[in-house]
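Here's a structure for you.
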Amino acid sequence: MNKLFRAKIIKNEQLTKDIYLLCVESPDEIQSKPGQFCLLKLNQRLDPLLSRPFSIFDHVSGEIKFLYRVKGKGTRILSTFKKDDYITLSGPFGRWYPFPQGDFIVIAGGIGLASVYYLMKRFPKRAYLFYGVREEREILFYDELREITKEMYISTEMECPYTYKGIVTELVKEKCKNLSLPIYACGPMVMLKELKKVVKESQVCYVATEERMACGVGACLGCVIETKEGFKRVCTDGPVFDIRELLL
Amino acid sequence: MNKLFRAKIIKNEQLTKDIYLLCVESPDEIQSKPGQFCLLKLNQRLDPLLSRPFSIFDHVSGEIKFLYRVKGKGTRILSTFKKDDYITLSGPFGRWYPFPQGDFIVIAGGIGLASVYYLMKRFPKRAYLFYGVREEREILFYDELREITKEMYISTEMECPYTYKGIVTELVKEKCKNLSLPIYACGPMVMLKELKKVVKESQVCYVATEERMACGVGACLGCVIETKEGFKRVCTDGPVFDIRELLL
Amino acid sequence: MIPSLEVKIGNLTFKNPVLTASGTFGYGLEYSQFVDLNLLGGVVVKGLSLRPKQGNPPPRIYETACGMINSIGLQNIGFEAFKNEKLPFLRKYKTNIIVNFFGENLDEYIEIAYLLDSLEDVHALEMNVSCPNKTTEWRKMGLEPELLRKAVKEVRAVTKKTLIVKLSPQVTDIALMAKICEDEGADAVSLINTIPAMVIDIKTRKSMLGTPTGGLSGPAIKPIALRAVWETVQAVKIPVIGIGGIVSAEDALQFLIVGAKAIQIGTANFINPRATVEIIEGIKQFLIEENIKDINELIGSFIQ
Amino acid sequence: MIPSLEVKIGNLTFKNPVLTASGTFGYGLEYSQFVDLNLLGGVVVKGLSLRPKQGNPPPRIYETACGMINSIGLQNIGFEAFKNEKLPFLRKYKTNIIVNFFGENLDEYIEIAYLLDSLEDVHALEMNVSCPNKTTEWRKMGLEPELLRKAVKEVRAVTKKTLIVKLSPQVTDIALMAKICEDEGADAVSLINTIPAMVIDIKTRKSMLGTPTGGLSGPAIKPIALRAVWETVQAVKIPVIGIGGIVSAEDALQFLIVGAKAIQIGTANFINPRATVEIIEGIKQFLIEENIKDINELIGSFIQ
Ligand SMILES: Cc1cc2nc3c(=O)[nH]c(=O)nc-3n(C[C@H](O)[C@H](O)[C@H](O)COP(=O)(O)OP(=O)(O)OC[C@H]3O[C@@H](n4cnc5c(N)ncnc54)[C@H](O)[C@@H]3O)c2cc1C
Ligand SMILES: Cc1cc2nc3c(=O)[nH]c(=O)nc-3n(C[C@H](O)[C@H](O)[C@H](O)COP(=O)(O)OP(=O)(O)OC[C@H]3O[C@@H](n4cnc5c(N)ncnc54)[C@H](O)[C@@H]3O)c2cc1C
Ligand SMILES: Cc1cc2nc3c(=O)[nH]c(=O)nc-3n(C[C@H](O)[C@H](O)[C@H](O)COP(=O)(O)O)c2cc1C
Ligand SMILES: Cc1cc2nc3c(=O)[nH]c(=O)nc-3n(C[C@H](O)[C@H](O)[C@H](O)COP(=O)(O)O)c2cc1C
Ligand code: FES
Ligand code: FES
């Protein structure tokens, strides 16, 4: 059941230069699944006008968490919210990641971690995580990730002694010769494009996509992406799609 | 010299249900005179768009004070500013009250006090103040006003044991048979209209007027009021006018 | 005493003057999780054409100052799918169902109007004459008086249902366009549709949308819409339905006071999915406070 | 390397493409306390008529969502006072002085254009053909192609100065109006003027302004203005000056990229009295970052 509700902010913590973790109280009746998102209303004023979509990073009893990067004016305003402020949000919306039967591969590009963390936590010790960031200090939740994954590989674009240097899809290709496990991925468009090249036709590969949104409920047709069967809505037909469906 | 500047907020104190006192640091080069006003910018966003005009309530070295009533969305936003926040303002603008030579009468209706306090403080113990409010608890700065005025009379619209019951212009008529001292007045339009009836042609009477503003510098012609010589700009030809000039 | 919010348009009765605007409320069902559709005066569904339509390439929306610009390009599921997949669900609600429709050319307009006329559960038709992409001559019908006259006349001839013509704001004299609709037998006009607009990315030098231009909606355009409605109300006797930037009961009341018989809520649904019902509640409150027993007393009470 | 911001309109050179919009910057002098006028590409002064004009009754302005609506009613001091009291001060600045003008009828347009032509310190004339109150037939010249044609032709005949025609957005095809101006010898067109709009007080049932309607300006209208400019740029060879809701260098750059040769800053002056100079600075920064040596390379670089 998705809902429109006002939630009290438990914390809105700055983790890196531009990444924040927002934790809000959530009513008990809110149920969510990994891969779903909420729309967060930024203010009661008319500018900015539209709510912004954010993946559910984690959802434990009575608390929903969002991990977000400050990109523009909406997220900048979001970063000014304080503990005990109230925020209006709606959701959870969208198709979740089909549940993995056994072990699975997760590929997270940067802030894309926000979409897959909850999945790995829900199915602990079963994910082979490939996590790509630009530089070492952008690696988030290292300890928690070690805890919930089966194996974890990190790539950085900048040189770093402990990580693979390069883009994450290269790392996947290298470390994961046997690509028969299902893949769950979220990251920037360039990563998804690379991934599409890597993935075989027979491979199960779910990716979370992004598009600007207005309604979030499938009504406005504003958030479509191109698929083999024509335009589909990220908010309701997605955000999780089988990569083979997408024309990236 | 008027300026555009960013000022640090010293305090923004709630005095009554809807009246606040905002104190900001002011650069040394800012010089002001009683009756002048500043434009306060409410945010860096585009809604609300325009800055709002507020009289200089008081100006002591390094500190400008504004007394304001929350009326609509702009003043509501203003009331959320906190100590140490920064606010952008410009000014001082407008014609000030011509300085009184000897004793003088001041008539303040409600928040109109914001415009005349500074005048009385600048010329201490010379003002006969007539101060009208709706009810007792709206009386502001009682002790300070006792201190800086020569005599003080308060009227309230609601019954109150210590005050005159009625509107302030009635009180003026009653207490001040000899109306030869110059009058300085600020208050709602109804008060100014009443005052115009009370005042004789020979009487010197300066009133501070209000009109919605955009530029504050006389450029947009948005803030005009009707005078005997046609439309005049509140921001630069006023806000202080000789009441005999005005067609109220 | 509970004031009456009932208004009439053509021979249709609306329990209140608050409808949804086409394209912003899907087929109603999308919002039924947030809003009890039974409470609405009416639901205007997404613009329908004979055949399904793909619409424009993404990105399709961009936020602007107090508004948004869209280039959906009238994507829709087409008449058959609407009839078979949406209408059976929508009909269950006690609200007026209004189908917004359009065609690539006049024949298509006539054909879909004719087909819709036969659907018992459709209460009214809203003819969208303001298509953003002017690919064919007929697509200019919202901008050229004589094209509009012919189009309304021919559509009118094939349907007995309440016919509302939805006007484009991109004309010098919108009241004149409304008058033409009235002359040709339309039961009402609704206005305004989005205003052609543009936003570009200074880095890429390209449009922020998949098309160069789109349509502007939201609070930004409200003062323009209100003026257009007022001008129109003075020129025609048929009801005028006000649309454009309404986000609050206060906004809605402004339109009613200048003379709109009803209003439609568009972009506001995105900002607050419960906007429609909150606006109905706000209008009711206002009538109680102002001691107005019947909303029709308020409508057109503007003092010049 | 400092990029060149210089642009040409007619035979006038502007040190940069940033001008002030008529009616929002007074006679320039009002803002000289905040802005060194020597830095501006040009100053367009408040709309001038032969004789002084009282304008509309207050209230004259009201804030709307990301915009404002005004009904100043073209109050101004008249030609003589401008010449004697304002121009002698304005001429001291090294910037182009552009006089925006209008008349009650065509004769007045011609007469004031003729008078302005003789003032050495006036560099260009901006003919305002979009007067909000349509009291006389000629006041519709901004809306009707044939009236516009005649008006521009006759005004052109009496002045050799750079002639800019400022167009109204309230037409179906603004590019067509621009084409007419080009055909009749105008050196440039500027657009858009404010959009007719309305706001009312639901308590009093009256307009929030002293007149029923006013003109909408500010960020709210920017996407509409940008689209109008782009449409116009494609239709004419003469320079187009973009106006409408520009508050930042980014906004200004959008207009330049779609092809505006220059831009005017209006309502933004009220929000930030230093808007003009900050925008000039921002444009310069952008050119440096993008490694563009001459702003003329950027102008019209929009990729469709
Ligand atoms: C289903 C979904 C889930 C998302 N989950 C997360 C998340 O968990 N954490 C996170 O940091 N971000 C997430 N995003 C992206 C996030 O919504 C955008 O970064 C945010 O809306 C930008 O808002 P802004 O006002 O700060 O940026 P703007 O000033 O609006 O724009 C800045 C830039 O961000 C782009 N952008 C704006 N809106 C979106 C959008 N809806 N999707 C993609 N790009 C956009 C713009 O095109 C522009 O390039 C998600 C997006 C979607 C669609
Ligand atoms: C020269 C001058 C000095 C002023 N000094 C003070 C002061 O010291 N303290 C104080 O509390 N107020 C003062 N005001 C009034 C103050 O500017 C308005 O109350 C304020 O702008 C309202 O803003 P808002 O956004 O809260 O209200 P809005 O939501 O904009 O409007 C609420 C109500 O206030 C009215 N209003 C809006 N702007 C003005 C305005 N500029 N002048 C008069 N009425 C307005 C509106 O018409 C409406 O009825 C002064 C006004 C002027 C012109
Ligand atoms: C995303 C979107 C899609 C729209 N689709 C249609 C449509 O299919 N048919 C139509 O007549 N109007 C359509 N409109 C216009 C709206 O119905 C309405 O006229 C306009 O948005 C102005 O109202 P608003 O400011 O309340 O949104 C659409 C508007 C939006 C924002
Ligand atoms: C208060 C005000 C007064 C104006 N007066 C004039 C005028 O005298 N002549 C004119 O051609 N345009 C006038 N305009 C229109 C502006 O020059 C400009 O075209 C319009 O405001 C859009 O630009 P903006 O959104 O940047 O303000 C006026 C606008 C405002 C807000
Ligand atoms: S955001 Fe409206 S359909 Fe997806
Ligand atoms: S506020 Fe612009 S002239 Fe007074």
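The sequence lines fix the lettering, A, B, ..., with proteins before strands; numbering per chain opens at 1. All values derive from a computational prediction rather than experimental measurement.
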Just list the side-chain donor-acceptor pairs under 3.5 Å for residues 142-149 of chain D, sequence neighbours left out, or say none.
{"residue": "D:Glu146", "atom": "OE1", "partner": "D:Arg149", "partner atom": "NE", "Å": "3.3"}
{"residue": "D:Arg149", "atom": "NH1", "partner": "D:Glu184", "partner atom": "OE2", "Å": "3.0"}

Close side-chain approach of D:Ile221 and C:Leu216, heavy atoms under 4.5 Å: no

Most contacts with chain D, counted as non-hydrogen pairs under 4.5 angstrom, among C:Gly218, C:Pro169, C:Ser207: C:Ser207

Check: D:Trp230 and C:Thr213 side chains under 4.5 Å, non-hydrogen atoms: yes

Heavy-atom contacts under 4.5 Å, residues 278-304 of chain C to chain D: C:Phe286, C:Glu289, C:Glu290, C:Ile292, C:Leu298, C:Ser301, C:Phe302, C:Ile303, C:Gln304

Validation row: C:Gln254, D:Val199 side chains within 4.5 angstrom (heavy atoms): yes

Pick from C:Ala228, C:Ala225, C:Ala220, C:Gly245 with the largest number of heavy-atom pairs that fall under 4.5 Å of chain D: C:Ala220

Residue selection (most heavy-atom pairs with chain D, distance under 4.5 Å) from C:Asp201, C:Ile200, C:Ile224, C:Ile257: C:Ile200

Toward chain C, the part of D:Ile202 with a non-hydrogen atom under 4.5 Å: both

Heavy-atom proximity to chain C below 4.5 Å, by part of D:Ser168: neither

Minimum-distance pair of heavy atoms, taken over all atoms of C:Leu226 and D:Met198: CD2-O, 3.4 Å

